[in-house]
Every structure is written in structure tokens, then in C-alpha cells.
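Below is one structure, written out as C-alpha cells, with a few remarks after it.
From a predicted model like this one, the values you see are computed outputs, not experimental measurements. Counting starts at 1 for both ligands and their atoms, following the listed order.
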Amino acid sequence: MITKVYKINRDNIDTDKLKEAAAILQTGGLVAFPTETVYGLGADAMNPDASRKIYAAKGRPSDNPLIVHISKWEDLEKIARDISGKAKKLADAFWPGPLTMILNKKDQVPKETTGGLNTVAVRMPKDEIALRLIEESGCLIAAPSANTSGRPSPTLAEHVLKDLNGRIPLILDGGEVGIGIESTIIDLTEEIPVILRPGRITNEFLKKVVGAIPIVRGIFSKVSGVKPKAPGMKYRHYAPKAGLVLVEGEEENVIAKINALTEELQKHEKKVGIIGTDETVSRYLGDYVISIGARKDEEGIARHLYRILRDFDELGVEMIYSESFSSQGIGQAIMNRLLKAAGHQILEV
Ligand code: AMP
Ligand code: MG
């Protein structure tokens with residue numbers, strides 16, 4: 001299969017290209033498209049065969065459910081039951097935006113879309129291209145991140161092409177995404193809502209609308225014997241091909257440790273990549289040192305993270321050492337992704 005890539009101008013969306021994408025979705029095919037979080041791989045959520053194609057294209061385990069993307073509140077009522085007051089408040093405050101809610105599903109939603117669960121994950125994206133695609137197609141669009149399963153999520157159309165070239169008919173290229181990490185996921189099916197995945201909508205925001213929401217166990221550590229509530233969380237995720245180790249501690253100690261580890265590997269002719277910050281990059285010795293941004297610019301750090309992991313793969317780096325970040329605010333989502341990408345390998349110095 002030839003994979004077409006259409007550049008789309010968000011401020012002046014080409015209707016013919018949009019219609020072509022919509023027609024693919026309506027006939028059960030796949031289209032990758034930008035959202036404000038990461039690129040999604042979309043299919044008609046109500047068509048079980050279409051959903052199955054997503055799993056096949058990504059190599060995604062069939063028990064890892066998909067997020068259904070909608071463009072208006074009435075779409076939610078088509079697929080979810082028991083929509084609580086809290087869900088309404090959250091939608092009012094954060095939709096369209098990077099918040100996914102888990103609700104009980106209506107019978108019409110195929111199990112293929114929900115990975116066999118009786119619940120459904122729903123989000124109204126903010127990206128104009130995503131919203132117009134949902135509306136033009138008349139479909140509710142099931143879309144996980146448009147990467148090969150396990151790899152870092154795509155923040156550029158080029159990342160999607162790299163992973164899925166020849167496996168899908170069309171990519172809508174809307175340039176670099178704005179947020180760069182996946183949506184915050186909240187499970188609203190139990191008495192007490194719980195955050196299953198931290199994201200750009202942080203607890204500081206949530207607190208103002210519905211009170212603080214606890215975060216599910218096992219987000220920052222490997223917990224054995226606990227069944228993950230978001231099935232996707234049990235798989236290795238967001239991972240570059242190289243090994244990744246985080247180093248945590250006082251800045252001076254971190255720089256010294258990373259430089260010592262790097263020298264050791266370079267003696268054995270290994271290519272090493274280092275993820276530093278604007279404040280520290282000039283002090284590292286590695287072959288490839290990249291700044292993820294200024295420490296105080298957490299939004300920038302989130303936006304750059306996956307691209308840097310992918311860039312190191314392109315450079316053929318065998319080992320990556322990264323500084324670690326505060327677990328407050330957006331930092332919680334950044335550290336969650338970094339720890340998963342590192343397989344929880346973290347050195348305290
Ligand atoms: P992705 O879009 O690739 O980030 O994957 C969607 C994420 O949402 C995965 O981590 C899933 O496990 C999670 N998810 C989707 N539907 C549900 C659901 N019904 N219950 C719990 N987690 C879900
Ligand atoms: Mg994903």
C-alpha cells in the first residue's frame with residue numbers, strides 16, 4: 001500500500017483533501033491525523049473491522065483499548081451511559097482539550113474498539129484538523145497514538161510515516177503538535193474518579209473543577225501483582241531503540257555521573273546520547289548532547305521529549321542518559337513517560 005501524505009494548513013483547510021480522508025474513514029480505512037496532544041491513527045469507532053485494522057497496523061495488543069474522538073457533546077451520549085455530573089463539569093471545563101474520560105459504554109460500541117471492556121474512553125480534541133475530520137466523516141473516530149506499538153508517540157507527520165509507511169493509506173500532516181504528550185485519562189466509572197494517566201490537564205487544573213483526583217497506583221514505580229486499570233499501562237511504552245537511564249539528584253552530581261558513565265561507554269566504542277537542559281548542556285561530554293529545553297519551561301520539555309527520543313534512534317545512539325525532572329504539575333506527565341521509556345531504570349546520585 002502506498003501511504004500518501006497531505007500537508008494541511010490549519011488556518012485554511014483544503015476541503016478536497018479533508019473529504020478524501022473522510023471517505024477513507026467512512027469505508028472502514030485508516031487515516032493518521034494531528035491532534036493537539038500527539039498524532040492519532042484513526043478509524044470509524046463503530047465499525048469493528050475498522051478498529052481491528054488499527055491494532056494490525058500498529059502491532060498493538062488486542063486488549064489495549066482505543067480512545068474515541070468526538071466533536072460535540074451529543075456524540076458522547078451516543079456511546080456512553082451513566083454520564084455523571086462530574087463528567088459534565090469536566091467536559092465543560094476541558095473539552096475540547098487534552099482530557100480523556102472513561103465511562104460505561106453503550107452496547108453499540110464494538111468490543112474491538114474498547115479492547116473487550118464494558119467501558120469506553122472518550123475525548124474531544126482541540127485541533128481544528130481533527131475536529132473537521134470527525135465532522136466531515138460523520139464518524140466517531142477511534143484513535144490511539146499513530147506509532148508502532150511500544151515506540152515513542154509521534155509529534156510530527158514524519159514520525160508517523162517512519163513507523164507506518166506502507167501500512168496505512170493516508171497521513172494528514174498538520175506540522176508539529178502543540179502539547180507533545182498524550183491526554184490525561186480519568187476513570188469516572190467508580191465512586192471515586194482516578195487518574196489513570198497524567199497529562200497536560202494536571203491535578204492543579206482538575207482541583208478547581210471537581211476537587212483533587214487521586215492518581216492510580218503504579219504510575220511512578222513498577223508495582224507487581226496489581227492489575228493495571230488502563231490496560232495500555234502494562235506494556236513497555238514510549239521507548240526508543242537505545243537503552244535509556246534517568247539520573248536523579250543534585251545538578252552537579254547528575255552531570256558528574258552522566259559524564260562518568262558516558263566516558264566508560266565511549267571507551268567501548270558505544271555511541272551515547274545525553275538529554276540535558278538549557279542550563280546544563282554545555283557541560284556534557286557525550287557524542288550527542290541535546291537540550292530538552294529550559295527547566296522552567298515544562299510545556300517545552302513535554303513538547304520536545306518524544307522527538308528527541310526518536311532523533312537519537314535516527315542517529316544510531318546505543319545508550320541515552322537523561323536528567324530527571326520534578327514530579328509536580330506537567331512534570332508528573334513528563335516523568336511518567338520518561339520512566340516508562342526507561343523501563344524504570346533510574347540512578348539516584
Ligand atoms: P493511546 O491513545 O495510544 O495513548 O492509548 C490509549 C490509552 O487509553 C491506553 O493506555 C489505554 O489503556 C487507555 N484506555 C483506553 N480505553 C480505556 C478504558 N476503557 N479503560 C481504561 N483505559 C483505557
Ligand atoms: Mg499510544
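Near Leu117, meaning under 4.0 Å from one of its heavy atoms, ligand 1 places the atoms 18 (C), 19 (N), 20 (N). Residue contact check: Ala121 has heavy atoms under 4.0 Å from atoms 15 (C), 16 (N), 17 (C) of ligand 1. For ligand 1, the atoms sitting less than 4.0 Å from at least one non-hydrogen atom of Arg197 are 1 (P), 4 (O), 7 (C), numbered in the order shown with element in parentheses. Taking a cut-off of under 4.0 Å to the non-hydrogen atoms of Thr119, the atoms of ligand 1 that pass are 18 (C), 19 (N), 20 (N). Heavy-atom proximity to Ile185, at under 4.0 Å, picks out these atoms of ligand 1: 7 (C), 8 (O), 13 (C). Within ligand 1, the atoms closer than 4.0 Å to a non-hydrogen atom of Asn64 are 9 (C), 11 (C), 12 (O), numbered from 1 in the order shown. For ligand 1, the atoms sitting less than 4.0 Å from at least one non-hydrogen atom of Pro65 are 6 (C), 11 (C), 12 (O), 14 (N), 15 (C), 16 (N), 17 (C), 18 (C), 23 (C), numbered in the order shown with element in parentheses. The Ser145 neighbourhood of ligand 1 comprises atoms 1 (P), 2 (O), 3 (O), with distances under 4.0 Å to a heavy atom of that residue.
Heavy atoms from other residues, nucleotides or ligands lying under 6.0 Å from NZ of Lys7 number 12 at most. Within a 6.0 Å radius of NZ in Lys89, no more than 12 heavy atoms belonging to other residues, nucleotides or ligands are found.
We find the CG-CE distance between Leu140 and Met46 to be 6.0 Å, quoted to the nearest 0.5 Å. Interatomic distance, Asn203 CG to Gln328 CD, rounded to the nearest 0.5 Å: 10.0 Å.
With hydrogens and angles ignored, the 3.5 Å screen pairs no side-chain donor or acceptor of Thr155 with any backbone N or O of Glu176. In this structure, Thr184 contributes its side chain and Gly199 its backbone to a donor-acceptor pair below 3.5 Å.
In plain terms, the two heavy atoms of Gly150 and Asn147 that are nearest each other are N-ND2, 4.1 Å.
Residues Asn118 and Lys111 form a side-chain contact, since some pair of their non-hydrogen atoms from C-beta on lies under 4.5 Å apart.
Checking only distances, Glu182 never comes within under 3.5 Å of ligand 1, N or O to N or O.
The Mg ion (ligand 2) has no N, O or S atom of Tyr238 inside 2.8 Å of it.
Look at Arg60 and you'll find a heavy atom under 4.0 Å from some atom of ligand 1.
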